[in-house]
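One structure is given below, encoded as structure tokens.
FYI, side chains are in, hydrogens and waters are out, and symmetry mates aren't considered; it's all heavy atoms of this structure.
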Amino acid sequence: MGKVERVVFLSLVLDLFAFTIPLPLFPRIIEWYTKRESSDPSGFLSRTLSLVSATRALVYTPTSNPQRWDVVLLGGLMGSVFSALQWFISPRIGALSDKYGRKRILLFTMIGNILSALVWLKSTRFATYMLSRVIGGLSEGNVQLAIAILSDVTTPENRAKALAHVGIAFAICFIIGPPIGAYFASQPLPASITASGIEFNVYAVPAALTVVLLTLETLFLVVALPETRGRHAQPIKEKKAATNGAANGKTNDSTHQTSRQATVPERIQMLKTLQQLHFLFLGIFSGVEFTLTFLTFDLFDWNNKQNGALIGSIGIISALLQGGYVRRALAKVGEGNMARRGISSCAAGLVLLTIVPYAVSNYPTVAVRLVQAAAACMAMTSATVVNSLTAYASLQCDDISVDPDTGKTVEEHPELAKGKALGKFRSSGQLGRAIGPLLACASYWTFGPSLTYAVGAVAMFALSTRMKSVTKRRTVTATKAQ
């Protein structure tokens with residue numbers, strides 16, 4: 001792992017750690033605001049919950065405690081709003097990084113993230129808390145800019161391996177972040193602060209921890225991260241390519257070239273295809289993730305601890321697969337094939353979830369094992385698909401080159417500039433994350449879990465078939481490039 005790769009990985013760990021801390025707190029935060037603002041029926045929270053309740057009643061009426069379902073739904077809706085804002089802002093952040101530099105724009109987005117956490121720290125009204133989420137949604141650019149930076153400093157043959165560190169950071173933080181957030185949620189502020197009379201959010205300690213982590217990340221980036229956009233990228237690429245070739249005793253003329261299309265129109269078309277696949281995949285997959293806890297609550301009456309253990313096991317298996325399998329096998333297997341394996345694994349998991357409602361009455365133990373097996377399939381999916389599709393998209397982008405006479409950066413094709421192209425790619429996935437949970441919930445309550453997961457399985461098998469055709473086209477193009 002090179003210096004820039006280490007810096008990016010450590011900054012991602014800090015950033016995603018801060019991002020995952022509040023995830024398990026959403027329902028509790030909403031409940032706290034509900035108690036505080038229940039006496040104000042015209043308030044923002046009361047009106048929002050009324051809208052959620054009315055929408056939920058159109059498709060589902062729970063037999064008990066409908067308020068709890070509304071709180072859970074509102075938490076999911078908050079996640080969808082965040083993803084929708086990311087869909088809007090990601091291409092713009094990427095384009096700005098192409099124009100002004102990765103580091104400068106990344107630091108600018110970090111200021112927004114810190115501001116978001118500070119607003120959360122002080123938010124005693126739900127409207128203020130939602131403002132913090134909006135600021136965060138419009139500011140979060142660390143992941144997409146990290147991908148652009150790694151694409152700047154890596155060669156085609158080692159780029160997928162480097163981008164796997166993004167997935168590893170995600171897996172690590174989604175394992176440790178939520179439990180730590182839940183722990184600090186139970187810790188009170190120091191008496192010296194509460195004695196001042198200033199009112200803070202009920203979960204001010206996790207919010208303060210988030211501020212500290214984001215501040216440390218910003219200072220770390222200021223000191224340790226070099227600018228990679230432009231002339232700094234090409235010498236690193238050339239040096240690494242030459243070193244790899246010399247070490248192997250042969251030129252790198254096969255696997256790393258197979259993912260890149262031969263002509264500019266083909267690369268632009270491939271990026272559009274990958275954006276569509278990214279949108280469809282995350283639309284389905286995020287819906288499955290969101291409804292999985294509904295399934296375990298409805299059928300097994302699992303509590304938060306049991307659901308947390310299930311989700312945590314997915315993160316652990318995903319991290320092990322990314323570190324032990326994906327990073328080593330991706331160069332040999334190819335980005336398209338690896339993504340296809342993950343999508344097929346998700347389809348298999350959905351088939352298992354389809355069977356669970358039929359097995360739970362007579363074979364409850366078998367039903368639990370089916371859920372656990374489906375979780376293992378989803379862990380394989382988490383470890384492979386997004387990382388592979390991202391690496392695939394990155395390889396279609398223009399590599400920066402420098403004119404040896406003038407020393408100026410050679411002009412890129414505007415649709416293939418890394419920041420803009422990868423921003424659009426990420427944007428497509430975020431749109432899927434915004435829509436998927438809402439559609440999955442409506443289907444789950446209207447048609448039931450078995451039909452919902454069966455339709456999802458069919459859709460995933462169709463995506464797997466589509467990935468096969470994309471992979472074939474890429475391989476033929478690579479033969480021509482040689």
Side-chain angles (χ1 to χ4, degrees), residues 1 5-24 79 82-83 86 90 106 109-110 113 136-137 140-151 159-181 210 213-214 217 278 281-282 285-286 288-290 292 308 310-327 330 335 338-339 342-343 345-346 375-394 422-423 425-430 432-434 436-437:
M1 190 187 298
E5 294 174 55
R6 286 196 298 272
V7 171
V8 169
F9 177 75
L10 292 174
S11 71
L12 275 176
V13 169
L14 289 171
D15 188 79
L16 294 172
F17 189 15
F19 176 78
T20 55
I21 282 175
L23 292 183
F82 186 91
S83 296
Q86 284 280 282
S90 290
L106 178 55
T109 64
M110 290 304 303
N113 287 333
E140 177 56 48
N142 190 293
V143 174
Q144 76 173 84
L145 291 177
I147 292 170
I149 291 168
L150 292 175
S151 299
R159 186 169 301 164
K161 185 176 180 180
L163 291 178
H165 293 127
V166 177
I168 293 172
F170 262 100
I172 291 173
C173 292
F174 271 83
I175 293 170
I176 64 175
I180 290 178
T210 300
L213 288 170
L214 292 173
E217 180 190 358
H278 196 206
F281 166 73
L282 281 180
F285 187 69
S286 62
V288 174
E289 285 182 312
F290 191 69
L292 186 59
L310 179 68
I311 302 301
S313 68
I314 294 176
I316 292 172
I317 296 172
S318 176
L320 293 174
L321 285 171
Q322 288 184 83
Y325 168 65
V326 177
R327 290 181 68 247
L330 193 56
E335 291 80 8
M338 185 64 77
I343 292 173
S345 179
C346 184
C377 292
M378 292 173 64
M380 173 67 177
T381 305
S382 298
T384 54
V385 180
V386 173
N387 288 338
S388 299
L389 290 178
T390 301
Y392 204 159
S394 172
L422 294 176
F425 174 79
R426 177 171 171 78
S427 174
S428 65
Q430 292 302 311
R433 284 194 179 278

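At least one side-chain heavy atom of Val143 sits less than 4.5 Å from a side-chain heavy atom of Leu16. You'll find the side chain of Leu292 reaches within 4.5 Å of the side chain of Leu310, heavy atoms only. Looking at heavy atoms from C-beta onward, Phe281 lies in side-chain contact with Val386 at the 4.5 angstrom threshold. Within the 4.5 Å cutoff, the side chain of Leu214 has no heavy atoms near those of the Leu14 side chain. Taking 4.5 Å as the limit, some side-chain heavy atom of Glu217 sits within range of a side-chain heavy atom of Asn142. Between Leu163 and Ile147, some side-chain heavy-atom pair lies under the 4.5 Å cut-off. When side chains are defined from C-beta on, Phe290 does not count as touching Arg433, because their heavy atoms never get closer than 4.5 Å. By the 4.5 Å heavy-atom criterion applied to side chains, Ile21 and Pro178 are not counted as neighbours.
One distance of note links CG of Leu321 with OG1 of Thr384; it measures 8.5 Å at 0.5 Å rounding. Here Leu106 contributes atom CG and Gln144 contributes atom CD; the two are 10.0 Å apart, rounded to the nearest 0.5 Å. One finds the CD1 atom of Ile317 at 10.0 Å from the OG atom of Ser382 (value rounded to the nearest 0.5 Å). Rounding to the nearest 0.5 angstrom, the gap separating the CG atom in Asn113 from the CG atom in Asp15 is 6.0 Å.
Here the shortest heavy-atom pairing between Gly312 and Ile175 reads O-CG1, 4.3 Å. Scanning all heavy atoms of the two residues, the minimum distance from Thr20 to Cys173 falls at OG1-O, 3.2 Å. A pairwise comparison of heavy atoms in Gly432 and Ser286 identifies O-OG, 3.6 Å as the closest pair. Taking all atoms of both residues into account, the shortest heavy-atom contact from Tyr325 to Met380 is CE2-CE, 4.0 Å. Contact record, Asn387 with Ala383: ND2-O, 3.7 Å, taken as the closest heavy-atom pair. Annotation for Leu422 and Ala148: closest pair CD1-CA, 4.0 Å, computed over non-hydrogen atoms.
Classified by interplanar angle (parallel below 30°, tilted 30° to 60°, perpendicular above 60°), the ring pair His165/Phe9 is perpendicular.
Formation of a donor-acceptor pair under 3.5 Å by the Ser394 side chain with backbone atoms of Ser151 is not found in this model. For the pair Glu140 (side chain) and Gln86 (backbone), a donor-acceptor distance under 3.5 Å is absent. Without hydrogens or angle criteria, Ser388 side chain to Met338 main chain gives no donor-acceptor distance under 3.5 Å. Listed for the Thr381 side chain is no donor-acceptor partner under 3.5 Å among the backbone atoms of Ser345. Ser318 contributes no side-chain N or O that, together with a main-chain N or O of Ala171, makes up a donor-acceptor pair within less than 3.5 Å.
Here Glu335 does not pair with Arg159 in a salt bridge; the nearest charged N to carboxylate O distance is not below 4.0 Å.
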Report the C-alpha separation of Phe174 and Ile314 in whole Å, then their side-chain angles, then the decisive distance to 0.1 Å, and conclude whether the side chain to side chain contact (heavy atoms under 4.5 Å, CB included) test is met.
CA-CA 10 Å; Phe174 271 83; Ile314 294 176; over 6 Å; no
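Aromatic ring centres of Phe82 and Phe19 lie closer together than 6.0 Å.
For Arg426, the salt bridge (Lys or Arg N to Asp or Glu O under 4.0 Å) test picks out no residue, with sequence neighbours left out. Phe17 is linked by a ring pair (Phe, Tyr, Trp, His ring centres under 6.0 Å) to nothing, counting only residues two or more places apart in sequence or in another chain. In this structure Ala162 satisfies the side chain to side chain contact (heavy atoms under 4.5 Å, CB included) test together with Glu5, Thr154, sequence neighbours excluded.
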